[in-house]
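Read the structure below first, then the notes.
These numbers come from a predicted model, not from an experiment.
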Amino acid sequence: MTDFLSLSAEQTKLALPYKELIKSLRQAFISGCEAPLRHHHTITIDGQPDATLLLMPAWSSSKLGGIKLVNVNPGNADKGLAAVSASYLLFDVSTGRHLAMLDGGEITARRTVAASALAASYLAKSDAQTLFVVGGGRLGSNLPYVYREVRPIKKVIVWTRDEAKMNALVDQLNCDGFEATATVDIESGVRQSDIITCATLASKPIIKGEWLQAGQHLDLIGGFTPHMREADDEAIKRSSVFIDTDGAFSESGDIIDPMKNGIITSNGVKADLYDLCRGIHTGRQSDTEITYFKAVGTALEDLAAATLAYYKSI
């Protein structure tokens, strides 16, 4: 019997190479699993923005299961601390035996951007070369590398609120073979890119639909509550809309608000990742179509990532 496995953040990261992780996520969406809607709790903290506690379980009836515990504290930015703290516990479904504890932060970051790239493999133009990254945190800094696995990304434009972080990310990207530049103008970045990917904690839209160009792919992965938004109603109005799971209908302000405003109905959403991965919907229909992908994350992705990391580590 294998001893209980404990993986550090670095060990978890090394066990989740993007090419293999994207493949594992695709297979997970084809196979499916039990993944109840996450437990979502708001924690009020005096003198700080509200924090969020997330509990995300998932299991396969014949294989492995797990649960992720996540604390999201936006106020940590002012303290120089990471906004997200997380751990993942993996177990054997048939016996209930606990198998491993993995770094939930790395699982979250890597599976989130990998799901974004998975969606882009269906929704972004096959020759997309310019990527605009809005937000330079843990997710934003990973996005160019994962997108390079599914599209021939050469040029990366970066916008963040923190100029020092923005310049550091640009320098790193240039060292890693990208043609990277920084911008202080979001509109300019949007207009000149094939793919726009947003990983922010914005509560009000920062992407305007009027800026979007024919053939672009807009990827929104930062918002995870009904009160968070990264794009305006016009962006949805001009786009073919896709989501990761139907959790977006109850958890994403970028879907909920446009539905309340009569911009779109649930039937107006073209497909989710289950449909795309199973071939029920083929994704992008033309080179001029604007595609819009909204993800809120699902425990299925966490389980797929944790399972991959576990089997690569034993």
Side-chain angles (χ1 to χ4, degrees), residues 7-9 12-13 16 35-58 66-90 101-116 133-143 146 160-162 165 169 197-207 219-231 243-245 247-257 293-306:
L7 296 183
S8 67
T12 302
K13 177 181 177 179
L16 294 172
L37 190 63
R38 79 186 89 194
H39 297 254
H40 184 286
H41 305 279
T42 298
I43 301 175
T44 301
I45 304 175
D46 290 342
Q48 298 184 41
D50 288 348
T52 304
L53 171 65
L54 302 172
L55 301 172
M56 301 178 65
I67 185 167
K68 185 172 71 175
L69 168 67
V70 185
N71 292 86
V72 184
N73 287 59
N76 282 358
D78 295 332
K79 306 173 185 177
L81 300 173
V84 179
S85 299
S87 296
Y88 195 91
L89 178 66
L90 190 70
M101 181 69 76
L102 304 93
D103 184 82
E106 281 298 335
I107 283 182
T108 301
R110 295 182 79 80
R111 66 80 156 155
T112 299
V113 298
S116 220
V133 177
V134 183
R138 193 173 194 175
L139 296 182
S141 60
N142 278 285
L143 283 163
V146 72
T160 74
R161 296 185 186 279
D162 187 316
K165 286 185 178 180
L169 177 55
T197 181
C198 296
T200 73
L201 296 176
S203 58
K204 296 181 180 180
I206 55 177
I207 303 295
D219 171 42
L220 307 176
I221 62 175
F224 55 90
T225 76
H227 308 293
M228 302 172 76
R229 289 200 68 177
E230 294 183 299
I243 57 177
D244 56 349
T245 70
F249 293 122
S250 60
E251 297 194 296
S252 167
D254 281 300
I255 297 295
I256 294 170
D257 283 356
F293 177 69
K294 176 56 201 164
V296 293
T298 168
L300 174 147
E301 296 164 358
D302 295 317
L303 179 58

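Looking at Leu54 and His39, their side chains never come closer than 4.5 Å, going by heavy atoms from C-beta outward. Taking the side chain as every heavy atom from C-beta outward, Leu90 and Leu303 approach each other to under 4.5 Å. A heavy-atom distance below 4.5 Å is found between the side chains of Phe249 and Ile255. For the pair Ile243/Val296, no side-chain contact is recorded, criterion being any heavy-atom separation below 4.5 Å from C-beta on.
For the side chain to side chain contact (heavy atoms under 4.5 Å, CB included) test, residues two or more places apart in sequence or in another chain that qualify with Leu69 are Leu53, Leu55, Asn71. In this structure, Thr298 has no side chain to side chain donor-acceptor pair (under 3.5 Å) partners at least two apart in sequence or on a different chain. Residues passing the side chain to side chain donor-acceptor pair (under 3.5 Å) test with Asp254, sequence neighbours excluded: none. Considering only residues two or more places apart in sequence or on other chains, Glu301 meets the salt bridge (charged side-chain N to carboxylate O under 4.0 Å, His left out) condition with Arg111. Applying the side chain to side chain contact (heavy atoms under 4.5 Å, CB included) test to Ala304 and every residue at least two apart in sequence or in another chain returns Leu25, Ala28. Listed by chain and number, the residues in a side chain to side chain donor-acceptor pair (under 3.5 Å) with Asp257 amount to none (sequence neighbours excluded). With sequence neighbours left out, the side chain to side chain contact (heavy atoms under 4.5 Å, CB included) criterion links Pro205 to Arg229, Asp232. Take Thr108 and apply the side chain to side chain donor-acceptor pair (under 3.5 Å) test, not counting sequence neighbours, and it matches Lys68. Not counting sequence neighbours, the partners of Pro226 by the side chain to side chain contact (heavy atoms under 4.5 Å, CB included) test are Ile256.
A distance of 11.0 Å separates CG in Leu169 from CG in Asp162, rounded to the nearest 0.5 Å. With rounding to the nearest 0.5 Å, the separation of CG in Asp219 from CD1 in Ile207 is 11.0 Å. Once rounded to the nearest 0.5 Å, the distance linking CD1 of Ile206 with SG of Cys198 reads 5.0 Å. Atoms OH and CE, from Tyr88 and Met101 in turn, are 11.0 Å apart once rounded to the nearest 0.5 Å. From Met228, atom CE reaches atom OG of Ser203 across 8.0 Å, with rounding to the nearest 0.5 Å. Distance check, rounded to the nearest 0.5 Å: OG of Ser141 to NZ of Lys165 gives 9.5 Å.
Counting only distance, with no hydrogens or angles, the side chain of Ser250 and the backbone of Gly247 share a donor-acceptor pair below 3.5 Å.
In this structure, Glu106 pairs ionically with Arg138, as a charged nitrogen and a carboxylate oxygen lie closer than 4.0 Å.
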Donor-acceptor pairs under 3.5 angstrom involving side-chain atoms of residues 40-49: please list them, not counting sequence neighbours.
{"from": "Gln48", "atom 1": "OE1", "to": "Lys79", "atom 2": "NZ", "distance (Å)": "3.3"}

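For Asp244 against Phe293, the heavy-atom pair with the smallest separation is N-CE1, 3.5 Å. The two residues Val133 and Gly140 make their nearest non-hydrogen contact at CG1-O, 3.6 Å. Taking both residues in full, the closest heavy atoms of Pro74 and Asp50 are given as CD-O, 3.5 Å, listed atom of the first, atom of the second, then distance. Closest approach of Thr197 to Ser116, counting heavy atoms only: OG1-OG, 4.4 Å.
Checked by atom type, the side-chain pair Thr12/Asp103 shows no donor-acceptor distance below 3.5 Å. Thr200 and Glu230 share a side-chain donor-acceptor pair at under 3.5 Å.
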